[in-house]
Amino acid sequence: MELTPIITVNDLHFSYPTRPVLEGVDFTLRRGEVVSLLGPNGCGKSTLIRLILKLIRAKRGEIWLHEKSLHRYSHREIASHIAYIPQYHNVPFNYSVLEMVIMGRVSKLGFFAAPSAGDHTIARESLERVGISDLANRPFGQLSGGQKQMVLLARALTQGVDTFIMDEPVSGLDYGNQIRLLELIVRLSEQGYTFLKTTHYPDHALLVSTRVAVMNGGKIIADGSPDDVITPSMIRDVYGIEADLITHDTHTRCLPIFNKGIS
Ligand SMILES: Nc1ncnc2c1ncn2[C@@H]1O[C@H](COP(=O)(O)OP(=O)(O)OP(=O)(O)O)[C@@H](O)[C@H]1O
């Protein structure tokens with residue numbers, strides 16, 4: 001059965017003033033998928049996300065959100081469909097964690113409306129789901145990078161949308177929180193949430209994704225099931241290292257070959 005498209009990207013080209021970045025990207029995110037976007041540093045993963053969020057505009061190509069051109073959406077309307085969890089986030093004021101999480105309700109509120117008791121309840125439930133209720137009253141600005149990342153995930157849950165875009169969600173998380181976050185993504189996906197996330201870890205893509213897309217040289221060069229896409233030859237071509245794939249329990253894992261001291 002063909003899944004409903006949420007985001008469709010057709011022949012997207014984008015250049016910064018000094019360099020071309022995307023040179024004909026085609027990509028679709030469908031309902032219920034967990035898609036990992038892999039690719040080397042600087043290949044354009046974050047740029048593609050910024051284009052999908054309409055933070056920047058492409059010169060050529062089209063982006064569709066729920067089969068309507070992205071041009072026809074305001075930022076507020078986009079936020080009523082997609083929650084974005086950035087890699088880094090600094091806030092100018094000293095909001096508490098709970099206040100930060102309640103801000104996820106903004107796209108649901110009228111322009112001058114204050115959050116209701118119901119909004120507070122949803123925010124507290126989101127903190128609970130992410131396992132950080134103990135941080136509720138701490139100033140957001142004083143949290144560690146990993147704690148901030150978990151707060152941003154709780155804020156995204158509070159937004160009340162079913163599509164999440166995450167830019168390197170495990171960056172800055174300790175080893176345990178990385179795995180707990182990946183497990184949370186799987187649980188949420190089983191509850192009907194859709195994810196597009198960038199990652200530098202083929203292993204993480206193998207653990208949680210229903211589909212993997214690989215970006216290199218301005219294009220999506222591979223797009224398919226994790227087992228089809230993450231292969232030793234792809235790792236060699238994209239990252240310039242050798243790796244083996246091994247199976248542990250039911251999961252395939254990627255094991256880089258470490259040339260210790262060999263020149
Ligand atoms: N504001 C900007 N002005 C000019 N060039 C930029 C700008 N932002 C990014 N770039 C360049 O565009 C290219 C793509 O950057 P982008 O951040 O999208 O890559 P990425 O795949 O997300 O990288 P990483 O994995 O390192 O986060 C890089 O060469 C980067 O240096």
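Every value quoted in this text rests on a predicted model; they were computed, and no experiment measured them. Counting starts at 1 for both ligands and their atoms, in listed order.
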Open item on the list: Under a 3.5 Å threshold, yes or no: a donor from one side chain and an acceptor from the other, between S126 and T158?
Closed with: yes
- [ ] Work out whether the distance between some heavy atom of R50 and some atom of ligand 1 is less than 4.0 Å.
- [x] no
Task: Heteroatom distance test (V21, ligand 1): nitrogen or oxygen, under 3.5 angstrom - done: no
Task: Residues that D167 engages under salt bridge (Lys or Arg N to Asp or Glu O under 4.0 Å), provided they are two or more places apart - done: none
Open item on the list: Give me the residue, atom name and distance of the protein heavy atom closest to atom 10 (N) of ligand 1.
Closed with: Y16 CE1, 3.3 Å
TODO: Please could you name the atoms of ligand 1 that T47 approaches to less than 4.0 Å, counting only its heavy atoms?
DONE: 14 (C), 15 (O), 16 (P), 18 (O)
TODO: Quick one: look up the protein heavy atom nearest atom 27 (O) of ligand 1 and list residue, atom name and how far away it is.
DONE: E168 OE2, 3.3 Å
Open item on the list: Using a 4.0 Å heavy-atom cut-off, which part of N41 comes near ligand 1: side chain, backbone, both, or neither?
Closed with: both
Open item on the list: Just to confirm my output: which protein heavy-atom neighbour is closest to atom 23 (O) of ligand 1, and how far is it?
Closed with: G42 N, 2.8 Å
Task: Test of ring centre spacing under 6.0 Å for F140 and Y95 - done: no
TODO: Using a 4.0 Å heavy-atom cut-off, say whether M215 meets ligand 1 through its side chain, its backbone, both or neither.
DONE: neither
TODO: List the closest protein heavy-atom neighbour of atom 25 (O) of ligand 1: residue, atom name, distance to the nearest 0.1 Å.
DONE: K45 NZ, 2.7 Å
TODO: Mind checking the CD1-CD1 spacing from I241 to I235? Nearest 0.5 Å is all I need.
DONE: 6.5 Å
TODO: Report yes or no: does a heavy atom of C43 sit under 4.0 Å from some atom of ligand 1?
DONE: yes
TODO: Using only heavy-atom distances, determine whether the side chains of T47 and Y16 contain a donor-acceptor pair under 3.5 Å.
DONE: yes
Open item on the list: Whether K219 and E23 form a salt bridge (side-chain N of Lys/Arg under 4.0 Å from carboxylate O of Asp/Glu) is what I want to check.
Closed with: no
Open item on the list: Could you tell me, atom by atom, which parts of ligand 1 come under 4.0 Å of a heavy atom of H200?
Closed with: 25 (O)
Task: 4.5 Å side-chain heavy-atom contact, L53 and I82 - done: yes
Open item on the list: Any nitrogen or oxygen of P17, side chain or backbone, less than 3.5 Å from one on ligand 1?
Closed with: no
Task: Aromatic plane relationship, H81 with Y73 - under 30° parallel, 30 to 60° tilted, over 60° perpendicular - done: perpendicular
TODO: May I ask you to identify the nearest protein heavy atom to atom 17 (O) of ligand 1, giving residue, atom name and distance to one decimal place in Å?
DONE: S46 CB, 3.7 Å
TODO: Name all residues meeting the salt bridge (Lys or Arg N to Asp or Glu O under 4.0 Å) criterion together with R60; count only those two or more places apart in sequence or in a different chain, and write none if there are none.
DONE: D11
Open item on the list: I need the nearest protein heavy-atom contact for atom 29 (O) of ligand 1: residue, atom name and distance, please.
Closed with: R19 CD, 3.4 Å
